[in-house]
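Some notes on the structure that comes next.
Sequence lines set the chain letters: A, B, ... in the order given, protein chains first and strands last, and positions in each chain run from 1. The shown structure was predicted, so the numbers you read here are calculated from the model rather than taken from an experiment.
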2 protein chains.
Amino acid sequence: MSPNQPSPPAGEVRRGQPPTLRDVAEAAGVHAATASRALNPSTRRLVSAETARRVMKAAKTLGYQPNPIARSLKTAKSSTIGLVIPDLTNPLFPPIVRGIENVLEAEGYSAWIVNTDNDPERERSRIDSLRSRQVEGLIVATARLDHPFLEKLHEQGVKMVLVNRRTENLAIPCVTADDATGIALAVRHLVDLGHTRIAHLAGPHSTSTGVVRARAFRHAVRDHGLEDDSRLIVECAHWNEADGAAATRELLDRATPFTAIVAGNDLIALGSYDVFAERGISCPEEISVVGFNDMPYLDKLRPPLTTVRVPHHDIGAEAARMLLDCIDDPTRHPRSLLLPVTMVVRASTAPLR
Amino acid sequence: MSPNQPSPPAGEVRRGQPPTLRDVAEAAGVHAATASRALNPSTRRLVSAETARRVMKAAKTLGYQPNPIARSLKTAKSSTIGLVIPDLTNPLFPPIVRGIENVLEAEGYSAWIVNTDNDPERERSRIDSLRSRQVEGLIVATARLDHPFLEKLHEQGVKMVLVNRRTENLAIPCVTADDATGIALAVRHLVDLGHTRIAHLAGPHSTSTGVVRARAFRHAVRDHGLEDDSRLIVECAHWNEADGAAATRELLDRATPFTAIVAGNDLIALGSYDVFAERGISCPEEISVVGFNDMPYLDKLRPPLTTVRVPHHDIGAEAARMLLDCIDDPTRHPRSLLLPVTMVVRASTAPLR
DNA sequence: TTGTACGCGTTATCAC
DNA sequence: GTGATAACGCGTACAA
């Protein structure tokens with residue numbers, strides 16, 4: 001057992017209630033204002049060392065915990081930020097959340113998490129509710145390229161950092177994976193295996209990620225001297241399995257020959273797997289597939305999915321750090337960060353026969 | 001476009017700050033106290049209908065949002081609860097979280113989420129921090145059978161509901177899946193397929209879930225007239241793949257013949273898959289496996305995992321409802337809830353050859 | 001260096 | 001039915 005203060009206050013308490021600053025001040029024989037100064041590291045130098053010692057000792061024995069609500073009311077700061085994501089059950093987001101919280105926790109901040117389910121109306125109302133809770137900033141993972149609501153908030157001076165995606169307005173700082181390089185790696189991997197007819201199941205063009213990856217795909221294909229055939233690119237309506245499956249069916253029905261797929265993300269690749277099962281296509285023997293993100297348990301799939309690993313935890317951590325920087329120094333110039341990705345080769349890709 | 005009030009207040013605002021109750025009162029030509037009564041549904045009957053109308057109209061045009069921090073300071077209620085989970089990246093928890101939030105949101109409550117990483121010290125400090133944020137209650141998913149810290153909190157009158165697991169102290173309300181029935185279903189499924197030598201990879205005996213499922217396993221085996229061979233039960237140190245794999249290796253190394261495994265949960269089953277790959281064992285031809293929980297994407301595994309489906313979203317929702325009930329009426333008798341489970345038969349189980 | 005006085009935005013308790 | 005006032009717990013000018 002470590003000699004930490006016990007969870008229930010060891011000292012006296014007033015009326016069974018948690019002790020307040022006044023209780024501490026009284027116990028230390030000083031005024032509440034003095035106690036406040038002594039307890040707050042940034043104002044501690046204003047009181048004598050001896051007084052500070054006495055106050056801190058009294059606080060400790062009383063088990064005093066400052067009331068963050070009262071503090072927030074006074075300072076109009078909440079030590080709180082809002083985290084706006086589409087859906088927590090998408091395995092993409094938990095690692096980002098943990099990355100964010102690791103950084104916030106160290107700075108005494110906490111995050112309110114809200115799910116929008118990609119519903120703009122719901123997004124608006126959840127963000128309004130976050131703002132009424134006095135969040136000091138927002139980390140937003142639901143950005144669309146054309147996103148007037150976010151733009152408006154940004155103009156109003158709401159501090160925010162986008163993760164994973166961005167808007168057309170580059171003035172809003174964001175942290176994303178290096179999507180273009182990731183797609184280039186995927187294409188090169190397939191080319192190295194001998195593939196020349198490579199298809200792309202693109203994410204929605206309303207998202208920066210969808211557009212950037214699709215553009216990077218066309219560039220990469222051309223860079224390898226292959227034909228940039230638009231019949232080999234199908235856009236998925238959403239980043240999920242169902243739309244990945246639909247897009248795969250459309251691709252197959254176009255009857256344009258291809259031997260490999262670069263999927264916009266892992267869930268879209270999973271949709272392809274479903275269609276392969278439907279139609280008796282064997283992967284990787286007939287068609288190779290590369291995903292994107294490296295979500296958990298991909299190595300247990302049939303076949304284990306080759307994919308591009310994105311440092312989700314780091315994306316969250318960097319975004320949180322960036323947001324705290326913006327809060328600390330509002331004059332700070334907005335930066336955007338591109339985090340490096342790596343190929344993870346498993347068994348869904350094979351040499352062209 | 002729906003005719004909702006726009007996000008930035010349409011009316012006048014004072015000093016560019018969000019409007020306060022006083023601004024509304026002034027705009028409506030009444031005192032702040034009257035405005036408060038008019039705006040609060042539970043006190044609205046104290047003011048004249050005409051006044052109420054005027055105040056609410058003023059609030060709407062000003063875009064007034066009550067400041068929850070000021071309200072909390074006055075009422076000593078935070079409309080906030082704490083949610084204590086081991087690790088958000090475990091796919092078990094996101095659906096529970098969403099179930100909780102669906103219920104809370106409807107009641108104007110929100111949840112602070114903390115991750116303990118199964119570290120008791122961290123759990124203590126995170127819960128302390130939640131309490132200092134004035135949460136009105138706790139939903140705890142990290143309960144161990146012997147859990148003195150939770151017991152102490154409960155004795156101190158901290159309102160809490162356990163999810164997914166419980167402590168030895170049955171006075172603490174909890175919401176769990178009907179584990180015993182789930183295991184019985186799994187064993188009967190295997191028996192129906194002709195298996196008679198069935199092993200169990202048990203979860204940690206420090207958790208109620210581990211103990212209940214292991215006990216249910218022995219009962220189920222005996223109920224079918226099979227031998228209750230303790231050499232066929234191995235305990236995993238944690239509910240994860242690595243320990244599932246370790247337990248599987250130990251089971252195989254014991255050289256006691258068996259043809260089927262009931263895993264404590266899906267992750268443990270995934271650990272078995274890893275060992276099958278290591279040792280060239282084919283599933284389900286040589287060994288059938290049943291998981292527990294039905295976490296996402298199990299249908300994409302090689303082979304798709306047969307498992308017991310647990311209604312995680314409902315578990316969260318019921319727990320939230322129960323906690324809100326406890327908060328509303330502290331005299332309420334604590335109840336515990338057992339939610340029904342179902343078998344999901346996929347391809348990791350096959351008839352005994 | 002320390003104490004006094006006040007206000008943050010809201011609600012409860014008095015009067016009227 | 002409505003208004004005045006105090007108070008929740010804290011931080012901070014200002015005064016001493």
To the nearest angstrom, the CG-P distance between Asp23(B) and dC8(C) comes to 11 Å
Separation of dC10(D) atom C1' from Leu39(A) atom CG, nearest Å, is 11 Å
Angle separating the five-pair end axes of the helix from dT1(C)-dA16(D) to dC16(C)-dG1(D), nearest 10°, is 50°
* **pair Leu150(A)-Val140(A): side-chain heavy atoms closer than 4.5 Å** => yes
With the side chain defined as heavy atoms from C-beta on, Val47(B) is closest, among dT1(C), dC10(D), dT2(D), to dT2(D)
Residues at least two apart in sequence or cross-chain that pass salt bridge (Lys or Arg N to Asp or Glu O under 4.0 Å) with Glu26(B), listed by chain then number, are none
Hits for salt bridge (Lys or Arg N to Asp or Glu O under 4.0 Å) against Asp87(A), two or more places apart or cross-chain, chain-then-number order -> Arg98(B)
Its contact letters, B for base, S for sugar-phosphate only and - for none at protein heavy atoms under 4.0 Å, make nucleotides 11-16 of chain D read BBB---
The salt bridge (Lys or Arg N to Asp or Glu O under 4.0 Å) partners of Glu105(B) (sequence neighbours excluded) come to Arg122(A), Arg126(A)
Whole-Å distance, Arg45(B) CZ to dT2(D) P, equals 14 Å
For residues 162-174 of chain A, the salt bridge (charged side-chain N to carboxylate O under 4.0 Å, His left out) pairs (sequence neighbours left out) are none
Check: OP1 or OP2 of dT2(D) less than 4.0 angstrom from a side-chain nitrogen or oxygen of Thr51(B), does that happen here?
Finding: yes
Next on the checklist: With a 4.0 Å cut-off on N to O distance, would you call Glu121(A) and Arg124(A) a salt bridge?
Outcome noted: yes
Atom CG of Leu73(A) and atom C1' of dC8(D) are separated, to the nearest Å, by 9 Å
Sorted by chain and residue number, the salt bridge (Lys or Arg N to Asp or Glu O under 4.0 Å) partners of Arg54(B) (sequence neighbours excluded) come out as Glu50(B)
In short, salt bridge (charged side-chain N to carboxylate O under 4.0 Å, His left out) pairs touching residues 71-86 of chain A with sequence neighbours left out are none
Arg53(A) atom CZ is separated from dT1(C) atom C1', nearest whole Å, by 17 Å
Discussion item. By the 4.0 Å heavy-atom rule, please label Leu46(A) as base, sugar-phosphate, or nothing.
Written reply: base
Residue set satisfying side-chain contact (heavy atoms from CB on, under 4.5 Å) with Asp329(B), at least two apart, ordered chain then number -> Thr331(B), Arg332(B)
